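First the proteins, then the strands, lettered A, B, ... as listed; each starts at 1. Fair warning: this is a prediction, and the values are worked out from it, not measured in the lab.
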Number of protein chains: 2
Amino acid sequence: MRTFVAAADAGQFQDAAAALSITQQAVSKRIAALEKDLQVRLFTRTPRGAQLTVDGQAFLPHARELLRVEARADASVRPGRRALRVDVHSRRTAPAVLLQDFHRTHPRIELDVVTLDADVHAATAAVDAGTVDATFHAVTVPARRLPPAIRTARVIDERHELLVGPRHPLAAAHAVTPAQLAEHRIWMPGMAVDTEWSDYYDELAAAFGLTIDRIGPVFGNEALLAEIADSPTLATLAGERTRYLWPDSYDLRRIPVRDPAPIYPMSLIWRADNPHPALPKLRDHLVARRVDPPDGPVWLPKWGR
Amino acid sequence: MRTFVAAADAGQFQDAAAALSITQQAVSKRIAALEKDLQVRLFTRTPRGAQLTVDGQAFLPHARELLRVEARADASVRPGRRALRVDVHSRRTAPAVLLQDFHRTHPRIELDVVTLDADVHAATAAVDAGTVDATFHAVTVPARRLPPAIRTARVIDERHELLVGPRHPLAAAHAVTPAQLAEHRIWMPGMAVDTEWSDYYDELAAAFGLTIDRIGPVFGNEALLAEIADSPTLATLAGERTRYLWPDSYDLRRIPVRDPAPIYPMSLIWRADNPHPALPKLRDHLVARRVDPPDGPVWLPKWGR
DNA sequence: GACGAGCCACAACCGATCGTTGTGTGAGTA
DNA sequence: TACTCACACAACGATCGGTTGTGGCTCGTC
């Protein structure tokens with residue numbers, strides 16, 4: 001591919017060979033092999049050089065694209081100049097949404113979004129070890145108990161919505177208060193114990209007398225949404241910016257939880273001595289995008305106050 | 001890359017090897033070579049299989065993308081299942097704009113836009129020979145004088161705009177008539193004689209007593225625009241949907257030509273027995289997009305009436 | 001019209017590459 | 001302790017892909 005592009009650019013095999021530091025014969029062979037593979041003639045050879053055929057013309061942009069993608073793939077992992085690597089705990093929640101927004105406004109910055117499937121501590125350790133450049137998590141411990149090189153900045157205050165089906169008693173509500181939820185069953189299957197999320201929802205449940213039910217097999221979000229759409233009693237909580245997709249026929253309602261609005265605070269976590277040039281840009285972007293303060297009364301967990 | 005993706009999908013080298021019809025050892029070698037090249041570990045080997053490292057996770061989507069691009073590159077030229085290949089005489093004029101629109105509404109259809117730099121006859125010959133699937137041109141001869149397998153459909157009726165700089169006497173006009181243009185000099189450098197375009201503009205000039213000036217060296221569109229921006233007398237004609245880009249400082253004006261509006265009629269040209277499945281879709285799309293009839297009085301060349 | 005220059009293709013050769021078979025190592029398991 | 005499973009290492013052979021050498025073609029020039 002590289003040889004083909006070089007030959008197309010040079011207009012003749014000899015110069016392309018020089019540019020690639022190989023012989024003209026090698027270029028000829030490579031092009032011939034490519035043509036044989038594709039079963040198509042890419043150049044018309046003339047005594048003045050080689051000109052692209054129509055097929056060659058059509059192929060050229062694809063070849064260039066291939067080289068671009070290869071360079072990006074390389075840049076994504078090669079030590080020293082790899083893309084900014086950020087861990088999110090799910091590709092559907094606020095951190096992923098904000099990263100997508102960051103990518104839109106800074107399309108030139110190479111970004112790799114990975115999911116380590118780890119809690120705060122393991123993810124922080126990964127940042128400390130340098131396997132990822134940053135992660136988004138709720139920081140539940142004071143700064144002095146973190147590894148010394150680690151820095152955090154609170155960049156997300158995520159409010160909640162109640163997700164219910166059309167037959168649920170709250171289906172028509174414009175907003176609900178946490179106190180109102182006490183009478184209803186909140187279902188959040190698959191939330192593991194002893195994580196930052198369970199800490200948060202346990203404290204929330206205790207504060208407002210909620211019943212948050214985490215039992216039941218985990219069949220994934222699609223199954224959860226299908227169950228909720230169908231049930232007159234089940235409901236679940238989700239972050240305001242969480243991306244859920246469901247068929248129109250489900251007729252699910254997203255109802256803001258307010259007065260007070262429970263806030264799930266999340267921080268960007270990075271290493272102070274990480275020299276990646278894109279890191280401060282991400283931080284600035286997130287700070288600028290922060291909804292601060294959310295309007296109306298809010299509720300925060302103890303560790304977030 | 002293919003081996004890496006297969007191994008990542010399988011979760012172990014053995015199954016990937018089976019899927020690729022090679023031995024486990026070969027997979028191991030390929031992955032090791034890739035890792036050595038990238039200077040990064042992509043898998044953690046366990047007695048249960050191989051799991052992606054964070055680097056591997058980051059690399060995987062790029063690897064998949066590379067394979068996709070490769071498949072598209074292949075499909076763009078491989079005989080039998082290549083992309084729909086359409087010739088336009090310029091990437092800036094209406095046909096290219098309409099193709100882009102077609103691509104937006106049918107993103108799944110592989111499309112290759114090429115420029116043969118040929119007149120109607122040569123382009124029609126190319127369609128007849130099968131080097132391109134279709135071309136856009138003004139058809140100046142009756143259907144019976146075309147090769148028997150060739151079909152045409154008039155799909156574009158392009159109106160014109162006058163392009164002038166801020167010091168031109170017509171700079172402030174909301175519209176101009178062809179008759180008004182008789183007093184002004186129209187500059188269209190680089191328009192070769194004995195082509196469909198020169199035929200058209202010669203007839204237009206004769207019909208309204210215009211002075212269309214085709215002399216002068218061709219430095220390209222950018223140079224033309226710069227000259228026009230600067231001149232109080234020069235003007236040029238352009239198709240309504242022609243994409244021109246110029247700096248704001250040029251302050252160029254695009255003034256519709258109306259009463260009557262000179263129409264440049266263009267047809268899609270294809271071979272009746274071309275079995276490419278995307279061809280009828282393109283034709284239908286173009287017919288649906290056709291502005292038919294353009295409102296207000298129009299002027300057409302003899303061969304277009 | 002002969003000749004040289006420029007460019008690409010073909011042929012012979014040779015070292016590197018890549019896949020194969022065979023074997024070793026380590027972790028989990030009966 | 002022995003067995004299984006999965007990956008790594010080693011040796012070997014075919015193929016690949018590069019180089020050098022050469023020939024054919026076209027064009028410009030004398």
Side-chain angles (χ1 to χ4, degrees), chain A residues 1-60 63 66-67 70 73-74 77-78 117 131, chain B residues 1-60 63 66-67 70 73-74 77-78 117 131:
Chain A
M1 285 297 200
R2 208 179 303 284
T3 308
F4 167 73
V5 171
D9 286 344
Q12 56 181 40
F13 290 8
Q14 308 238 79
D15 291 1
L20 298 169
S21 306
I22 56 174
T23 60
Q24 166 264 315
Q25 289 88 333
V27 172
S28 179
K29 262 188 163 184
R30 285 186 182 178
I31 301 291
L34 184 60
E35 288 179 332
K36 187 185 168 193
D37 184 51
L38 294 171
Q39 301 175 34
V40 118
R41 206 135 182 82
L42 296 172
F43 289 97
T44 51
R45 279 77 161 170
T46 76
R48 292 267 186 76
Q51 271 203 321
L52 285 176
T53 61
V54 187
D55 287 298
Q57 261 186 64
F59 194 63
L60 182 56
L66 196 83
L67 298 185
E70 190 246 333
D74 197 281
V77 293
R78 188 174 293 280
D117 282 323
T131 48
Chain B
M1 285 296 200
R2 209 179 303 284
T3 307
F4 168 72
V5 171
D9 286 343
Q12 56 181 42
F13 291 7
Q14 309 236 78
D15 291 1
L20 297 169
S21 306
I22 55 175
T23 60
Q24 167 264 317
Q25 289 88 332
V27 172
S28 177
K29 263 188 163 184
R30 285 185 182 178
I31 301 291
L34 183 60
E35 288 179 331
K36 187 184 168 193
D37 184 51
L38 295 170
Q39 300 174 35
V40 118
R41 206 136 182 83
L42 297 172
F43 290 96
T44 51
R45 280 74 162 172
T46 75
R48 292 265 184 76
Q51 270 203 322
L52 285 175
T53 61
V54 187
D55 288 298
Q57 262 187 63
F59 194 63
L60 182 57
L66 196 83
L67 297 185
E70 190 246 329
D74 196 280
V77 293
R78 188 174 293 280
D117 283 322
T131 48

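In this structure, A:Arg41 places its CZ atom 11 Å from C1' of C:dC8, rounding to the nearest Å. As rounded to whole Å, 15 Å separates atom P of D:dT4 from atom CD of B:Gln14. With rounding to whole Å, B:Leu34 atom CG is found 16 Å from C:dT17 atom P. Atom CD in B:Glu35 sits about 12 Å away from atom P in D:dC7, given to the nearest Å. Counting to the nearest Å, the C1' atom of D:dA8 and the CZ atom of B:Phe43 are 15 Å from each other. Residue A:Arg45 contributes atom CZ, which lies 17 Å from atom C1' of D:dG23 at whole-angstrom precision. Here C:dC10 presents its P atom at 11 Å from CZ of A:Phe13, a figure rounded to the nearest Å.
Counting heavy atoms from C-beta on, the side chains of A:Glu35 and A:Thr53 never come closer than 4.5 Å. Using a 4.5 Å heavy-atom threshold, the side chains of A:Lys29 and A:Ile22 count as separate. With contacts defined as side-chain heavy-atom distances shorter than 4.5 Å, the pair B:Arg2/B:Leu67 qualifies.
Direction change of the helix axis from one end of the helix from C:dG1-D:dC30 to C:dA30-D:dT1 to the other is 10°, with five pairs defining each end axis (rounded to 10°).
The line from CG of A:Leu60 to CG of A:Asp55 is 12.5 Å long, rounded to the nearest 0.5 Å. Atoms OG1 and CD, from A:Thr46 and A:Gln12 in turn, are 9.0 Å apart once rounded to the nearest 0.5 Å.
Residue pairs meeting the ring pair (Phe, Tyr, Trp, His ring centres under 6.0 Å) criterion with at least one partner in residues 33-57 of chain A, sequence neighbours excluded, are A:Phe4-A:Phe43, A:Phe13-A:Phe43.
Within 4.0 Å (heavy atoms only), A:Ala32 reaches no atom of the nucleic acid at all.
Annotation for B:Ala10 and B:Ala16: closest pair CB-N, 3.8 Å, computed over non-hydrogen atoms. The minimum heavy-atom distance between A:Val40 and B:Val77, with the atom names listed, is CG2-O, 3.5 Å. Heavy-atom minimum distance, A:Thr131 versus B:Val54: O-CG1, 3.7 Å.
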>> Using a 4.0 Å heavy-atom cut-off to protein, can you give one letter per nucleotide of nucleotides 18-30 of chain C, 5' to 3': B if the base is in contact, S if only the sugar-phosphate is, - if neither?
In response: -BBBBB---SSS-
